[in-house]
Amino acid sequence: MSADENKTNHEGASGGEGEANTSGLDFVRTIVTEDLASGKHDHVVTRFPPEPNGYLHVGHAKAICLDFGIAAEHADSRCHLRFDDTNPSTEETEYVEGIQDDISWLGFDWGEHLHFTSDYFHQLYGYAVTLIEKGKAFVDDQSADEIRANQGSLTEPGTESPFRTRTIAENLDLFTKMKAGEFDDGAKVLRAKIDMAAPVVAMRDPILYRIQKKTHHRTGDAWCIYPMYDFAHCLSDAIEGITHSLCTLEFVDHRPLYDWILDELETPAHPQQIEFARLNVSHMITSKRALRRVVEDGHVMGWDDPRMPTIVAMRRRGYPPQAIRDFCSAVGVAKRESLIELANLEFHVRQVLNKVAMRRMAVLRPLKVVIENYPEGEEELLDAVNSPEDPDAGTRPVPFSRELYIERDDFMEDPPKKFFRLAPGREVRLRYAYFVTCTEVVKDAAGEVVELRCTYDPATRGGNAPDGRKVKGTIHWVSAKHAIAAEVRHYETLFVDEEPNLDGDGGVFDAVNSESLEVINKAQLEPALGEAAVGEYLQLERTGYYCVDTDSSADRVVLNRTATLRDTWAKTAKKSAGNPPKAKNPNKKNKKKKKDSE
RNA sequence: UGGGGCGUAGCCAAAUGGUAAGGCAGCGGCCUUUGGAGCCGCCAUUUGUAGGUUCGAGUCCUACCGCCCCAACCA
């Protein structure tokens with residue numbers, strides 16, 4: 001018989017549709033599905049509401065996938081992109097454009113529903129006037145400091161403003177003058193009249209409008225008063241007919257205010273705010289403030305540096321949008337705060353790349369090999385498969401000649417037990433080419449191996465021996481004469497800790513991994529790589545997934561390593577060497593409050 | 001110490017009173033012209049703790065413990 005019971009009881013209201021099957025759905029989709037089944041709504045409208053004051057990051061990707069994803073799952077449903085641009089001092093057109101690019105790239109489409117909270121400034125103003133007329137809002141002359149001081153504490157109630165009892169007429173007059181620009185920034189604010197003793201601080205006469213004589217990136221100087229988030233957001237949702245307004249957990253406390261405003265005013269709709277836990281990924285941060293520090297302090301090349309957790313950066317690094325969507329879908333949606341291991345994201349990146357990346361050969365750290373019984377000056381073209389996952393991708397010719405490069409790591413003078421690659425006297429297969437046997441090791445004065453002399457078996461052309469003999473190892477190679485020199489960039493995580501502590505003495509500086517970028521200057525690529533386009537997904541066989549970086553030009557190839565290949569050899573090698581696991585950065589724990597993390 | 005949210009494996013996450021899905025990671029094996037990919041198997045006698053209700057509890061009740069959020073004229 002309680003009100004609560006009525007609120008949560010959807011079944012009775014159903015038009016005999018039967019119960020919705022919500023098994024396995026996350027809690028947000030469960031609510032949406034039940035609302036549809038009960039007839040509360042016959043379609044769903046969601047919205048993704050970024051503030052254009054920075055670039056989108058992996059955490060936003062989750063929200064985007066949720067907001068747009070849910071809309072796409074139901075008939076006649078849609079998701080709006082609405083820029084929450086109520087603070088002209090931090091927002092810029094550059095970000096408006098960047099955010100649209102990111103969402104499109106991720107694979108979502110808002111159709112005709114590109115909106116701006118600033119489009120509603122006039123309506124919002126009208127709602128504010130209505131609130132004043134109802135005696136539910138007043139103009140406060142207190143300074144910011146005074147308001148803060150009178151707010152009370154978490155355990156003590158606040159005290160009412162001395163201006164709280166102004167007449168409606170006076171409030172109307174003052175608010176009109178605020179809008180007309182008759183007062184300075186901070187001189188006055190419009191506040192809701194709710195309850196200074198409310199246990200939820202957000203309900204203690206929250207500020208609705210403040211004066212900011214700033215030029216807005218869209219409305220210019222038309223306004224000098226701007227609505228606060230709490231006032232603008234719920235009303236914008238209502239104006240757009242949003243059915244389910246999804247946001248992160250820190251807004252739970254704001255829900256009573258969201259509902260209060262919509263209950264006090266006559267609006268076209270009363271959307272339901274639903275909060276879910278934000279996405280955290282190990283070794284990444286999602287605080288815009290800290291991200292800006294990382295960029296401004298020069299720890300990275302920019303917002304799109306492949307080590308950044310931003311969407312532009314993941315794009316430049318070579319993460320396919322499908323992988324990001326798969327990842328978001330795999331981590332789920334719940335209210336429990338969590339820290340997803342980076343390995344999870346990388347898994348989805350590899351999973352997609354394995355299917356789409358063209359295979360190529362490249363030698364990162366070259367060791368010269370001379371095939372002594374291969375005629376000088378001769379060369380030939382061998383066929384190499386472009387993708388074992390996609391027969392339609394065909395083959396390409398790869399030039400072979402007497403002098404080759406192989407990976408230094410693929411040779412050991414004194415190999416351990418399970419090393420299957422080249423060693424003195426040992427025979428291996430050069431991928432797609434021939435079996436070769438190492439006959440001599442050439443060293444320089446310092447004892448460094450500088451060259452290998454080998455012989456090849458002409459009968460093994462293509463990689464198979466007619467006599468059926470097997471080799472244990474297959475290594476990649478590149479013809480020295482035909483190779484293209486390139487720069488290859490390898491990345492480690494930008495932060496050394498799983499959960500970087502940004503509040504320590506050194507802040508971001510102490511948290512960043514100073515060895516997160518490794519530049520390899522003279523990698524040798526097979527000729528086909530000279531034609532790869534910027535952004536193209538590649539797998540350098542046996543070494544990893546790469547893509548052509550935007551820094552590349554006609555005469556310079558730069559590759560980014562997107563992800564390594566799973567490397568079981570590295571594991572067994574490490575195991576037999578008894579290497580201890582990497583030490584972790586000790587300066588963790590004592591996390592302090594993180595703000596500005598949306 | 002006020003209000004709110006949350007505790008299921010190393011990391012995520014399902015299970016709507018009926019006997020703990022799935023994924024990642026890890027471990028073992030098969031296969032392999034990438035030590036890749038793929039395939040097979042193993043990995044929670046138990047859901048923060050302690051009581052209680054019930055034939056039956058991760059689910060309901062009580063108490064306790066722990067973590068997170070809230071005192072911007074930010075969003």
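Below, each value reflects all heavy atoms present in this structure, side chains not excepted, and no hydrogens, waters or symmetry copies. Chain letters run A, B, ... following the sequence lines, proteins first and then strands; every chain starts at 1. Remember, it's a predicted structure, so these values are computed and weren't measured experimentally.
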Has the side chain of A:Gln539 got a donor or acceptor atom sitting under 3.5 Å from an opposite partner on the base of B:G36? no

Heavy atoms from C-beta onward define the side chain here; which of B:A25, B:G2, B:G4 lies closest to that of A:Ala343? B:A25

I'd like to know if A:Glu91 pairs up with A:Arg218 as an ion pair, taking the criterion as any Lys NZ or Arg NE/NH1/NH2 lying under 4.0 Å from an Asp or Glu carboxylate oxygen. no

Of the candidate nucleotides B:C24, B:U34, B:C74, which contains the atom at the shortest distance from the side chain of A:Gln212? B:C74

Under 6.0 Å between ring centres, would you say that holds for A:Tyr229 and A:Phe251? yes

Under a 3.5 Å cut-off for both contacts, is B:A44 paired Watson-Crick or G-U wobble with anything, and if yes, with which nucleotide? none

Looking at A:Tyr258 versus A:His254, is the centre-to-centre ring distance below 6.0 Å? no

Has A:Tyr229 got its ring stacked on B:A75, by the test of a centre gap below 5.5 Å and a plane angle below 30°? no

Mind checking who B:G17 pairs with, Watson-Crick or G-U wobble, both distances under 3.5 Å? none

Toward the 5' end of RNA chain B, which comes first, A:Thr30 or A:Asp85, by nearest nucleotide? A:Thr30

Check: A:Arg421 side chain, B:G35 base, donor-acceptor under 3.5 Å: yes

Under a 3.5 Å limit for both distances, which nucleotide forms a Watson-Crick or G-U wobble pair with B:C39, could you say? B:G29

Contact class for A:Ala334 (heavy atom, under 4.0 Å): base, sugar-phosphate, or nothing? sugar-phosphate

Nearest listed nucleotide, side chain of A:Val189, among B:C6, B:G4, B:C73: B:C73

Using OP1 and OP2 only, check whether a side-chain N or O of A:Arg566 sits under 4.0 Å from B:A25. no

Complement of B:A57, any strand, by Watson-Crick or G-U distances under 3.5 angstrom: none

Quick one: the side chain of A:Asp567 and the base of B:G35, do they pair up donor-acceptor inside 3.5 Å? no

Salt bridge (Lys or Arg N to Asp or Glu O under 4.0 Å) between A:Asp237 and A:Arg82, worked out: CA-CA 9 Å; A:Asp237 280 349; A:Arg82 181 174 72 235; 2.6 Å; yes

Going by heavy atoms in the side chains, are A:Pro206 and A:Leu257 under 4.5 Å from each other? yes

Under a 90° cut-off about 0 for the syn range, is B:A37 syn or anti? anti

